[in-house]
Amino acid sequence: MLRQRLIDAIGADSVKTAPEDLSVYAFDGYSVGALPSAAVLPASVQDVSAIVKIARDCGEPIVPRGAGTGLCGGAVPARGGVVMSFARMNRVLEIDLRGQRARVQPGLINLDLSNHVAANGLFYAPDPSSQKVSTIGGNIGTNAGGPHCLQYGSTMNHVLGLEIVDDVGEVFTTNIDDAGYDLTAALVGSEGTLGIVTAAWVRLMRAPEAVRVWLATFASIDAASEAVSAIIGAGIVPTALEMMDRLIAQAVEAAFHCGYPTDAGAILLIESAGFADDMQMYEDAIAKIVRNHGALSWRVASSAAERDALWAGRKGALGAVGRIAPNYYLQDVCVPRSSLPRALRAIENAAASNDLVVGNVFHAGDGNLHPMLLYDKRDPRAVAAVIATGNEILEAAVTLGGTISGEHGIGIEKRESMTRVYSTDDLATMARVRDVFDPRRVLNPEKIFPSGAQCPEVRV
Amino acid sequence: MTQLSPPTIEEFAAQVAQYNRDGQKIAILGAGTLAGMGLPATRQHQVTLSTAALTEIISDAPSDLVICAQTGITLRKLSVVLAKHGTFVPFDAPRANLATLGGTLAAGWLGPRRHLYGRVRDYLVGTTAILADGVIAHAGGIVVKNVAGYDLSRLYVGSFGTLAVLAQANLKTRPLPETSRLFLAPLPEGSSARALDVLHTLAVTPAAALWICGFHSDIDGEDGSEGRVLIRLDGSAAILERATRDLRSALGRAGVPETRVLNGGAQEVFERAIDAYIATLGERSITYRIAAASADAQSRLLELRRLATTFELRVDSIVDGFNGDIVLRISDLDARALAAKMTIFDDALHDIEPHARVIATDHPNRRGLNLWGAPPPGIERMRALKAEFDPNGTLNYGRFIGGI
């Protein structure tokens, strides 16, 4: 019934029902979800609307999906339903050069947008490390970040308006310049639980005139963290301030040979972008600060090729870890910047007490930590240790005044941890918004909100 | 009407809960500097609850570039505290000596430097809000990146206190620019369009560029035959030297012979320009704000001026050269002369600009105006949000768009 009606509405070519096809949609970057009843590939907003209406008639939930690179199970079904892939809605619809904005379809790959406007001296700022494959729609769902958030802010700051298909298949638009409530703000980061994005107006930035990249090494993560605080405290906000510990640096160097020192306790990758006239001033100021904080070495990337090589190491860090462990679990927490040393010690202790090895590669300037727990998933004890350590890290971050996700989202993975940061009243307030947009819980159900058992006042 | 300023968030919440239980309506007030936006409180409102006593700075972590403050604090006080650490929040709201943090957030004030620094909403990382039933709910946190759950804080921005009372705000801050420079240039006949165009070609994007016509008692400088531009550059000393040369030469090419640097008091001049957005001429003026794209703001302004002229109304205007806002103040000789034509003019204006909003007026008949312009596409959802958050219509009832 469901499948036939979907085929009648959007064509057999756009509806996947074979088990081997469906199994693909039970995965994202987190782990296995449930098998969907069908997977659909809409080509237009009309298709999306028709699909929602059919799914509604058949009592099936909808799970919107970008590239499936999310790390929290946000794009997989929690219990069947229709997975909606935006792979065929991947175009740039309109560019307004003077207004520095673009209207795009949700399936557009993040990096493709920057490439599309590069010749006009513009770029799209949010740059999650998945940007070569992840989509604008998925990025909007999770309010994705990236290294350059430090200067430019997360996806939220770059979305100007949305076209949305709602829970009953009706289309509406939002615009941050409209009078009335900022519905765009409610929708960005809502992980597909409030509406389905079918188009977005996004902000484009002017490409900087000059970019410099520096690499500093320190004996310890603590020393590097203090240098980070000192740089920010001195009134310098670089475009990126990324840290890697020894384990990650060694893995990256072995994989990419990008010139990272492998003997230091911590590496700091610093980028400043802006005006050519300012670059030497930034370089001198930052060099002085890192030296005063005991930097072991200081390197200036002298060419674009060298800059790219230093960044390639950072961007390839996750892949490089694959060389040193069969599996890794990537955690995402954010703490006040000045708590970085304490947070990192807590992470180290949590891993050690569970007999796990941990590597750290993270957005130090934002206090956004990404501990990677190395393990072998064939070993059930290691899996249990990873889960325990992950929870201890969440608890440590919250204790330090931080949060349980800086940029990856909540999805299925962290929904039960929402009670670590929010009271029942806080969550019930969020649920009021859900009640308005999706009272029947057909849009990506069982995500974000903790299951009812822990929190009776909050409907999932 | 009773006015109360509860001294703590808990007492504020208890008051809200009590009035809500009793089915009474509450007007929520900061300093009232933006009271000209939306409908004023009426006899329906039994009480005004002011945030005036909630002025504490809860935590201040300059090296984290965040600050947590209660929302009754004035923007001036906040900026003095931040400036001690060399930081700021680029809110640029009028009458900063009086305006409160909470009022600025609740109004979703749009400042002229937002194309460079982002909007007010982009600086709000967490809130403590009082809901209509007196529940104190937190959203977000004190960290600069946070995707745990819906971003309710930003939803409250621009909601005019109709969803919740903002009691405490966690703000991201940024380092103050090393230096700023302000320029004034009168625009001779035929130069305004080109002058606004060339500003978009500069390597160093100005932090603000306001094309002003009139507002002589409010904003410094003399008009040329096509008004004047007020331009602000923020940056390092080295950049400002270069940017000044480029700016002068670009404006020169656009037919603007004289670009004067304002030495001393530049910040005050800039603030006076922002104050002018809501400066009224007693009861004889109405100020509208229209969101336009910078590319067509000028042509739309000209059409509005023509319309005002046919009604024999005087016009002062500001066009934000980067963000596209049009600020249009129409005035007449006195309140009665204005009253005779204001509703017909208001209709005619909304025929051309359906989304024009009134942002300032002291005229007693403002209820007759279309204060918020045409409802946006999401209005039904907005009403549903109001009903969900405040089913009794306790908070700022009727203040907002569509009777919300």
Tell me, with the steps shown, if A:Asp177 and B:Arg119 meet salt bridge (charged side-chain N to carboxylate O under 4.0 Å, His left out).
-> CA-CA 11 Å; A:Asp177 283 321; B:Arg119 294 170 179 243; 3.0 Å; yes
Chain A contact via [X] - side chain, backbone, both or neither, heavy atoms under 4.5 Å:
| X | value |
| --- | --- |
| B:Phe160 | neither |
| B:Ala164 | neither |
| B:Ile404 | side chain |
| B:Arg357 | side chain |
| B:Val66 | neither |
| B:Phe389 | both |
| B:Ala293 | neither |
| B:Glu241 | neither |
| B:Leu152 | side chain |
| B:His355 | neither |

Tell me which of these, [options], has more heavy-atom pairs under 4.5 Å with chain A than the rest.
| options | result |
| --- | --- |
| B:Ala237, B:Pro376, B:Pro375 | B:Pro376 |
| B:Ala384, B:Ala238, B:Gly378, B:Ser294 | B:Ser294 |
| B:Leu385, B:Thr87, B:Ile379 | B:Leu385 |
| B:Gly373, B:Ala148, B:Ala139, B:Ser236 | B:Ala148 |
| B:Ala295, B:Gly86, B:Gly158 | B:Ala295 |
| B:Gly118, B:Gly140, B:Gly235, B:Gly108 | B:Gly140 |

Would B:His115 and A:Gln100 count as having a side-chain donor-acceptor pair, cut-off 3.5 Å?
->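 Looking only at side-chain atoms, A:Gln100 and B:His115 do not form any donor-acceptor pair under 3.5 Å.
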Are side-chain N/O atoms of B:His85 and B:Asp60 paired as donor and acceptor at under 3.5 Å?
->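 Their side chains do contain a donor-acceptor pair, which is all the 3.5 Å distance test asks for.
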Is it true that [X] and [Y] make a salt bridge, defined as a side-chain N closer than 4.0 Å to a carboxylate O?
| X | Y | answer |
| --- | --- | --- |
| B:Asp151 | B:Arg121 | no |
| B:Arg242 | A:Glu209 | yes |
| B:Glu388 | A:Arg432 | no |

Quick check on [X] against chain B: is it the side chain, the backbone, both or neither that has a heavy atom closer than 4.5 Å?
| X | value |
| --- | --- |
| A:His363 | side chain |
| A:Ser154 | side chain |
| A:Ile176 | both |
| A:Glu170 | neither |
| A:Val433 | both |
| A:Met281 | side chain |

Can you run down the side chain to side chain donor-acceptor pair (under 3.5 Å) pairs that involve residues 157-173 of chain B, sequence neighbours left out, and say none if there aren't any?
->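 Passing the test, one end in residues 157-173 of chain B: A:Tyr181-B:Thr162.
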Name the option with the most non-hydrogen atom pairs under 4.5 Å to chain B; the candidates are [options].
| options | answer |
| --- | --- |
| A:Asp96, A:Asp166, A:Thr184, A:Leu187 | A:Asp166 |
| A:Ala185, A:Gly233, A:Ala234, A:Gly153 | A:Ala185 |
| A:Gly235, A:Ser190, A:Ser338 | A:Ser338 |
| A:Thr142, A:Ile448, A:Leu183 | A:Leu183 |
| A:Thr403, A:Asn175, A:Val237, A:Ile404 | A:Thr403 |
| A:Met156, A:Met418, A:Arg101 | A:Met156 |

Going by the angle between their ring planes, with limits at 30° and 60°, are B:Phe400 and B:Trp372 parallel, tilted or perpendicular?
->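 B:Phe400 and B:Trp372: perpendicular rings.
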Can you tell if the side chain of [X] reaches within under 4.5 Å of the side chain of [Y], non-hydrogen atoms only?
| X | Y | answer |
| --- | --- | --- |
| A:Val333 | A:Ser405 | no |
| B:Val147 | A:Glu191 | no |
| B:Phe88 | B:Pro177 | yes |
| A:Glu407 | A:Asp366 | no |

With a cut-off of 6.0 Å (strictly less than), are more than 12 heavy atoms of other residues, nucleotides or ligands near CZ of A:Phe437?
->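 Result for CZ/A:Phe437: enclosed.
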Answer yes or no for B:Arg381 and A:Phe172: cation-pi contact, defined as NZ/CZ to six-membered ring centre under 6.0 Å and angle to ring axis within 45°.
->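 Yes; both conditions hold, so B:Arg381 lies above the ring face of A:Phe172.
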With B:Tyr150, which of A:Thr429, A:Asn143, A:Thr193 fulfils side chain to side chain donor-acceptor pair (under 3.5 Å)?
->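 Exactly one option meets the side chain to side chain donor-acceptor pair (under 3.5 Å) with B:Tyr150, and it is A:Thr193.
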Is there a donor-acceptor contact under 3.5 Å from the side chain of B:Arg300 to the main chain of B:Ile326?
->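 Checking the backbone N and O of B:Ile326 against the side chain of B:Arg300, no donor-acceptor pair under 3.5 Å is found.
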